[in-house]
Amino acid sequence: TEVGILAKSYIDQGRLIPDDIMTQLMLDELKGLDRYNWLLDGFPRTVAQAEALDKECQIDTVIDLDVPFETIKCRLTARWIHPASGRVYNLEFSPPKVPGIDDITGEPLVQRDDDKPETVTKRLQAYDAQTKPVLAYYRKKGLLKSFSGTETNKIWPHIYAFLQTKLPDVSQKDAATPR
């Protein structure tokens with residue numbers, strides 16, 4: 001879409017999407033979900049987005065994944081994709097059989113512009129500057145729960161146990177299925 005192309009131009013430059021565009025996209029997606037439980041990933045990223053979301057939705061809890069930036073940078077810059085299929089490889093924990101080549105087609109893999117080291121560094125710096133106030137905003141409201149670590153398999157069991165206190169009817173299978 002036109003808005004998607006505009007959003008991609010910001011992402012490719014290592015910049016965050018402006019509040020008005022991001023908020024409108026998200027609120028449009030959330031319309032009609034009021035009878036469901038839902039989890040947002042990466043939104044809101046600014047206090048303005050959080051305030052706009054609060055006006056439209058009842059927020060029960062906010063989860064903060066406290067992962068060192070160096071860990072995030074290493075994971076993202078090790079990510080390579082096969083553009084035609086969308087297959088994702090990670091050079092550290094899920095590498096292709098032949099470096100730089102898709103396992104199935106034998107075609108070259110590419111690194112997305114937003115996964116290049118300089119862009120990742122810019123994104124993380126922007127994220128840090130804009131998101132710390134959001135964490136403070138939700139901490140003040142008593143809604144913030146933080147989980148610290150560097151490995152998904154070590155953090156996830158704690159998050160899942162916490163979510164069970166909020167959504168006891170959600171199964172492990174349901175919790176692992178994004179919509």
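Side-chain atoms are counted along with the backbone in the values below, which use heavy atoms only and exclude waters and symmetry mates.
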Rounded to the nearest 0.5 Å, what's the gap from [atom1] on [X] to [atom2] on [Y]? Could you check?
{"X": "Ile81", "Y": "Gln111", "atom1": "CD1", "atom2": "CD", "result": "9.5 Å"}
{"X": "Asp113", "Y": "Lys8", "atom1": "CG", "atom2": "NZ", "result": "6.0 Å"}
{"X": "Arg139", "Y": "Asp64", "atom1": "CZ", "atom2": "CG", "result": "7.5 Å"}
{"X": "Thr23", "Y": "Glu51", "atom1": "OG1", "atom2": "CD", "result": "10.5 Å"}

Checklist entry - Would you find more than 12 non-hydrogen atoms of other residues, nucleotides or ligands less than 6.0 Å from Asp41 atom CG? => result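 Incorrect, the count does not exceed 12.
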[X] with [Y], same ILVMFWY side-chain cluster at under 4.5 Å:
{"X": "Leu40", "Y": "Val134", "result": "yes"}
{"X": "Phe93", "Y": "Val88", "result": "no"}
{"X": "Val110", "Y": "Val98", "result": "no"}

Checklist entry - Would Leu65 and Ile155 satisfy side-chain contact (heavy atoms from CB on, under 4.5 Å), going step by step from the backbone distance to the final call? => result CA-CA 8 Å; Leu65 300 179; Ile155 297 174; 4.2 Å; yes
Next on the checklist: Taking salt bridge (Lys or Arg N to Asp or Glu O under 4.0 Å) as the definition, give me every residue that meets it alongside Arg123, ordered by chain and number, with sequence neighbours left out.
Outcome noted: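 So Arg123 forms a salt bridge (Lys or Arg N to Asp or Glu O under 4.0 Å) with Asp114.
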Checklist entry - salt bridge (Lys or Arg N to Asp or Glu O under 4.0 Å) with Lys55: which residues, sequence neighbours excluded? => result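 Applying salt bridge (Lys or Arg N to Asp or Glu O under 4.0 Å) to Lys55 gives none.
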Checklist entry - Which residue pairs pass the salt bridge (charged side-chain N to carboxylate O under 4.0 Å, His left out) test when at least one of the two sits in residues 78-107, sequence neighbours left out? => result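 Those involving residues 78-107 are Arg79-Asp115, Arg87-Asp102.
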Checklist entry - Is there any salt bridge (charged side-chain N to carboxylate O under 4.0 Å, His left out) pair reaching into residues 148-164, and which pairs are they, with sequence neighbours excluded? => result Glu151-Lys154
Checklist entry - With clusters built from Ile, Leu, Val, Met, Phe, Trp and Tyr whose side-chain heavy atoms come within less than 4.5 Å, directly or transitively, what are the remaining members of the cluster of Leu91, listed by chain and number? => result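 Its cluster partners, ordered by chain and number, are Trp80, Tyr89, Leu109.
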Checklist outcome for this item: Note: with side-chain heavy atoms under 4.5 Å as the link, the other cluster members for Ile5 come out as none
Any residue meeting side chain to side chain contact (heavy atoms under 4.5 Å, CB included) with [X], in chain and number order, not counting sequence neighbours:
{"X": "Asp128", "result": "Phe69, Lys132"}
{"X": "Leu39", "result": "none"}
{"X": "Thr46", "result": "Asp19, Ala48, Gln49, Gln130"}
{"X": "Ser148", "result": "Asp66"}

So does [Y] get a backbone contact from the side chain of [X], meaning a donor-acceptor N/O pair under 3.5 Å?
{"X": "Thr77", "Y": "Lys116", "answer": "no"}
{"X": "Glu29", "Y": "Leu25", "answer": "no"}
{"X": "Thr121", "Y": "Pro117", "answer": "yes"}

Checklist entry - Passes side-chain contact (heavy atoms from CB on, under 4.5 Å), Cys57 versus Leu30? Steps please. => result CA-CA 9 Å; Cys57 304; Leu30 293 173; 4.1 Å; yes
Item to check | For Asp20, side chain to side chain donor-acceptor pair (under 3.5 Å) partners two or more places apart | outcome: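 Scan of Asp20 (side chain to side chain donor-acceptor pair (under 3.5 Å), adjacent residues dropped) gives none.
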Next on the checklist: I'd like to know if Lys141 pairs up with Asp54 as an ion pair, taking the criterion as any Lys NZ or Arg NE/NH1/NH2 lying under 4.0 Å from an Asp or Glu carboxylate oxygen.
Outcome noted: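 Result for this pair is yes, salt bridge flagged.
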Checklist entry - Tell me the ring pair (Phe, Tyr, Trp, His ring centres under 6.0 Å) pairs involving residues 104-147, sequence neighbours left out? => result Phe147-Phe162
